[in-house]
Each structure stands twice: as structure tokens, then as C-alpha cells.
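Written out below as C-alpha cells is the structure these notes cover.
Naming convention: chains lettered A, B, ... in sequence-line order (proteins, then strands); numbering from 1 in each chain.
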Amino acid sequence: MAQDSAGDDDYVDWNTDDDFEIDNFQSSPVHSRAETLVGVAVTTSSLSSPIETTDLVQMGFSDEIFATLFDMGFPVEMIARAIKEAGPNADTSVIIDTISKYSSENEAGSSKSKTIDHFLAMGFDEEKVINAIHEHGEENMDQIANTLLSCAEPKKLTEVKEEDDIDWSDDEINYSETLLSDDEKEPNSSNLNRNQIRSLVKMGFSELEASLAVERCGENVDIAELTDFLCAAQMAREFTEFHTEPEEQRPRHDVKKRRLESKREPSSSVDDEPVRLPNPMIGFGLPNEPREETRILPELARGPPFFYYENVALAPKGVWETISRHLYEIPPEFVDSKYFCAAARKRGYIHNLPISNRFQLQPPPKYTINEAFPLTKKWWPDWDKRTKLNCILTVTGSAQLTNRIRSALEPYSGEPEPPKNVQRFVIDQCRRWNLVWVGKNKAAPLEPDEMENLLGFPRNHTRGGGMSRTERYKSLGNSFQVDTVAYHLSVLKPIFPDGINVLSLFTGIGGGEVALHRLQIRMKLVVSVEISKVNRNILKDFWEQTNQTGVLIEFSDVQTLTNDTIEDLMKKYGGFDLVIGGSPCNNLAGGNRVSRVGLGGDQSSLFFEYCRILEVVRGRMRRY
DNA sequence: CCAAGCATGAAGGAGCCA
DNA sequence: TGGCTCCTTCATGCTTGG
């Protein structure tokens, strides 16, 4: 009866359009990577030069305040100029005001002068900068940088060369080739460098930036540290552009100061306070007992667009610190879904959503195993004290395991309860494999539809679409817990009464979409990116079965979703209100014995694609 | 060829106690 | 505070069976 709103007009599978998916990383993204390069270059050239700091200290200016301002991303020259104008005894906030005056002067002037300033800050000759800008156009900062690097011998860069043993003076120099030529000197480290550079380029950084980052961070650093370096520089630059009231900057400020201090202490490998998991793991409070908590987000992090990122809470040490640094220093909200349903699911969420006036999905799910699966009550032995299930994983116990448990218990059927050692064996297996009692002495793994129930999905959500039972388990094990996510997203409902445009990365089986649907928040547009074809089918089926009136567009690979494509989509549909997604946890999850290598792993490094795409969306939304 | 079974530990937090 | 035990963990890759 309802109109077939999910017909051809409303569903676009752009994966069939090969031309649209051609990887375009090498081209210059709109939110120019070269701007990041500038930030990096300022950092490198300035830190390697002792001139500025000593001059400033001689002026009676606190080295610490200088470091603070510098780490906020202000160019050294600008800081020095502001200090001269404001005087050596001036307060930090006065200096910031003075600098911001320069910034606004620059913005009031042509953007070309801003571009010139960037490259002047890198130590290039003004005349050459102007010529290069004239040659390539001010927007092609990568090319400008290449041209500048390939000609002459800029003063400060020569200093870098002396310190870092980089030969900048070769004619027609290509930075990557310079690194290649290092092969003869140190083949192993250079191969490592090249691999790292390739990885960074794959993530969307320019080769030049990548090379610079590898050089600056030294050898034997992992990919996460390199991307951290690059993103920190970008954030510092953006902070300069969008800085706000000094009072609001303070928390972020302190973190960055710590980072700078740790840079001065090379022996320290951990540069943030370690993230501690809260106990109880309830985030900003639960539906029935919300905490009176408020939080102040950095101005840079505030929406719209809103974003919502998720991953496993129990990641290797340092991972959440890195993730948080890449997402505007917002601390993760750790929540165990055992407070929302009958199964545990310890996850960290980083988002810029409001946290007051959240509300719970109705009807609320069952909180205990017995309530969720009443038929198991009859068979549940007294000595199995579990009331909550453990985390739903991607693999389950086998039918053989059920048989082994039955064999272990049957000899004691006539007795009140089996011996303690048998109990122990059975309980261990039940906990390990999340078994429930479905018959006499019969403990079996959850069925896929039972998992769907626990996770807040409609029954048979993952059924069909060409999915095998094994694949259903895998997709469900990788999914959101819908009630938990919906509780967080519920604040969007009053903000967007007419509906929202959603960019959904690593969509999986559509946990975010189901949450929004159950919240009755209209999805005017969902651009979904999901690598698994069967998962894409599931979302498409859900879209059709729930008679969505919005538009669904599906992509397969975040790595081939170019910045230009995102911009085009935003132009066509009026931007995105929410960027939601949980990046792969394969290399973070405790169950992985083969490749639990952290954010640098093959799958988990896609987190940086989330950051890239989020930045594109945020950059574009600022211009609306 | 596909689906299911199964062996493969370590990381790191929680709780306890001296 | 440190040492100890206990517990949990969005998994991978090989083998087996149909």
C-alpha cells in the first residue's frame, strides 16, 4: 500500500558506475593537503632552528608561553611580531588576540597573501614564492611546494638538511626520489620508509607530506604515529584559523602543551595521559539514571555536522589516545551495552553530539538472559549464575561443543548437580562461547535471530541477501548495539525535525540507520560505504522494507571514495548533518591472535579514512 | 567451491590481599 | 603499591566435510 519510495529513483548503487570510483587520491583534495604540509614545514623548520626561541627568550618572553603559542599552530614569525607589539610581559591571551588580529588582516586581504605567508614561514624566498604562485595558481599548494623545493636552496631548509641529512640541493629534485636514493646508504630503513610513505599516500596524504613526516618522526615509528604527526599539524593550522575564546581553548591547550613537552623528552613514548576505562562503564549516564554532566567541546569540534565514531573499548594501549587526538581531542565515551540489553558490549564512542535530554528507544529491551530468552529458564541449571551474556563475537560455538557438554553432564543426571570440576568446565565453555540452555544438559550458541534481538535489530534483519549462517554471525558480531547508539543519537531528533542527511561509513548491517529509523528520525539521504556486498544488500533490503522516503546511495570502499565525490554529493544534496561509523576493529580486538597490531593494521588503519572523509565534510560544511 | 569446525594466546582490566 | 589470580575479548587461518 505504501508507495514504493525505495524504487529506482531513490536508490543508487554507485558501485556499478566504475568511472565514478576511480581513485583520485593523487589529485589535490579540496581541503588542501598542502595546507597540512605548510603546518608541518613550519614545525620542522622552526623547531630545527634555535634562532627564534633564543631571540624570544632574550626579549624576556617565557619559553613556555612561546611553546604554547607555537604548538597552537601559530607561525614563529607571527608570534615574534605579536610579542614585539604586545611587550614581553603581556599575557598569553593578549598575544593570542594580537595574532588573531594579524590573521583577520590576512583574511581581509587576498588569500594569495595568506599563501605567500605560509611559504615565507617555511623559509622560502619571497620572490620565488610569488613566482611559483603565479605559475601554478594559489590553490595548487602541492605544486607550489614542489616547485619551491626543487629550485634554489632556501635558507631554513638548508638548515634542515644539515640536521636531517636530506639533500635538498639537487636540481629537479623529487622528494621521493631523494628517499629512493638512500637505498644505497641504508637499504633496510629506506625500504621501511618507503612502505610507510606508501601507506600514508594510500591514506590520502601527499607523497611530499608523507616523506616529510617519515623524516621528522624518524625510523622505527609506526604508521599511527606518522599520521598523528600529520594530523596534529593540520589541527594546529585549523586551530589558528578557527580559534575562539581563550578560555574555551584551555583544555585542548593543555593537552597540546603536554605533547610538546613530551617531544622535548624523546625517551617518553606516551605523550598523553592514558585513557582510563570507567567503572561502571556507563558513559554520560544511563536512561533511567542520567548524570547531570555537561561537557565543553573545543570550538573546532562542534557541529554541525555532527559525527559519531565507534570502536572496541579494550583496544591495545595507546589506541584510544591516538583516536581521540585525531578527533579533536574529544575524550571517548565508554559504554558497556550490558546496561542497555542482556549482552555485554564494551565500546568507546567519540562524538560531538549534545549529551543532555537523551531518551531511550521504546520498548526497552530485556535486561537479563531469562527475560530475553524465557524458554531457556526451564533448562537453566542453578549453578550457572549468569544473568548477562558476554560480548557477541563474530564466531560462535559449534554443535559439537554442545554435544561435548551434554556428554560431560549426562553421567550426573540423577544427582542434584554435577561435580565442581565438571561445572567448571561447562561454565567456562558457556562463558567462552556465550551458550544458553535450550534443553536438558543442552547448552547451545545463540541463533542469528537471537543475536539480532539482543543487538536491537528487527527479526530476520540479516536473513537473506545471499548470506550464509557464518556470514550472519560475522556481520552481527561486527555491529552496533542499536539501543545504545540510539540513546546517543536521540538528541538529534529535536534538532532535525525535518530529517537528516547521513554519511554512514563502515555501515555494516546498518546499525546506525536502524537506530535512526527506530528513533523516527527521517533519513532524507543516506550515503553508505560498506565493503561487503551482502551487507550492502541487507541495508538496501531494510531501506525497501521500511518504506524509507529518502535516498540511499551505496559505495563499497572508503578508500576509493574520493574527496571530489564527497563534495559533489554534498553539493547535490545540501551537505551532511551526521557522519557516523565504526572503523574496523580487527587489529584491535582481543580475540585476534594473529594481527592485533593496533591502528597500523591493514583493516584498522582505515580509521584514518574516517578522519579524512570527516574533514572533507566539515571543511565543506563550514562554507555553507 | 563453500560452509562449518577448530586450534591458535596474549593483552589488559578487575578484584583481592599483603 | 605491587603481585597475584581471574576474567573477557566486534578474530585469523587452516582443516574438514559435503
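Residues satisfying the side chain to side chain contact (heavy atoms under 4.5 Å, CB included) test with Gln400(A), not counting sequence neighbours, are Ser398(A), Arg404(A). Partners of Arg386(A) under the salt bridge (Lys or Arg N to Asp or Glu O under 4.0 Å) rule, at least two apart in sequence or in another chain, are Asp384(A). For Pro331(A), there are no side chain to side chain contact (heavy atoms under 4.5 Å, CB included) partners at least two apart in sequence or on another chain. For Lys346(A), the side chain to side chain contact (heavy atoms under 4.5 Å, CB included) criterion is met by Met281(A), Ala313(A), Leu314(A), Asp336(A), Ala344(A), not counting sequence neighbours. Among residues two or more places apart in sequence or in another chain, the salt bridge (Lys or Arg N to Asp or Glu O under 4.0 Å) test is passed with Glu447(A) by Arg469(A). For Leu375(A), there are no side chain to side chain contact (heavy atoms under 4.5 Å, CB included) partners at least two apart in sequence or on another chain.
Remark on DNA chain B: of its neighbouring residues Ser398(A) and Gly466(A), the 5'-side contact belongs to Gly466(A), judged by nearest-heavy-atom nucleotide. Toward the 5' end of DNA chain B, the nearer of the two residues Leu401(A) and Pro278(A), judged by each one's closest nucleotide, is Leu401(A).
Among residue pairs with one or both ends in residues 503-541 of chain A, those qualifying as ring pair (Phe, Tyr, Trp, His ring centres under 6.0 Å) are His517(A)-Phe542(A); sequence neighbours excluded. Sequence neighbours left out, the pairs with a member in residues 347-370 of chain A that pass salt bridge (charged side-chain N to carboxylate O under 4.0 Å, His left out) are Glu310(A)-Arg347(A), Glu333(A)-Arg358(A).
Between the C1' atom of dG12(B) and the CZ atom of Arg276(A) lies a distance of 12 Å, rounded to the nearest Å. Rounded to an integer number of Å, the gap from Arg404(A) CZ to dG5(B) P is 10 Å. Rounded to a whole Å, the CG atom of Asp428(A) is 7 Å from the P atom of dC7(C). If you take CD1 of Ile427(A) and C1' of dC7(C), they are 14 Å apart, rounded to a whole angstrom. Atom CG of Asn279(A) is separated from atom C1' of dG15(B) by 10 Å (rounded to the nearest Å).
Dashed line: the shortest gap from a side-chain N or O of Arg424(A) to OP1 or OP2 of dC7(C) is under 4.0 Å.
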For Thr546(A) and Gln548(A), run side-chain hydrogen bond (donor to acceptor under 3.5 Å, both in side chains): C-alpha distance rounded to whole Å, both residues' side-chain angles, the deciding distance at 0.1 Å, then the answer. CA-CA 6 Å; Thr546(A) 53; Gln548(A) 297 291 326; 3.0 Å; yes

Quick one: do His326(A) and Phe608(A) satisfy ring-ring contact (aromatic ring centres under 6.0 Å, His included)? Show the steps, please. CA-CA 8 Å; His326(A) 285 72; Phe608(A) 299 107; 5.1 Å; yes

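If you take atom C1' in dT8(B) and the same atom in dT9(C), they sit 15 Å apart, rounded to whole Å.
Defined by atom type and a distance below 3.5 Å, a donor-acceptor pair is missing between the side-chain atoms of Asn390(A) and Arg432(A).
The backbone N or O of Asp541(A) sits nowhere less than 3.5 Å from a side-chain atom of Glu544(A) that would complete a donor-acceptor pair.
Among dG13(B), dG5(B), dA3(B), the nucleotide with an atom closest to any side-chain atom of Leu277(A) is dG13(B).
For the segment residues 365-373 of chain A, no residue has any heavy atom less than 4.0 angstrom from an atom of DNA chain C. Contacts between residues 334-343 of chain A and DNA chain B, counted as heavy-atom distances below 4.0 Å, involve no residue at all.
Both key distances under 3.5 Å define a Watson-Crick or G-U pair, and stretches of 3 or more such consecutive pairs in DNA chain C run B:1-8 with C:11-18, B:10-18 with C:1-9.
Note: Phe340(A) and Tyr487(A) have tilted aromatic rings, judged against thresholds of 30 and 60 degrees for the angle between ring planes.
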Scoring nucleotides 8-18 of chain C by protein non-hydrogen atoms under 4.0 Å (B base, S sugar-phosphate only, - none) yields SBBBB------

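Judged by a 6.0 Å distance limit and a 45° cone about the ring axis, Arg618(A) is positioned over the six-membered ring of Tyr328(A).
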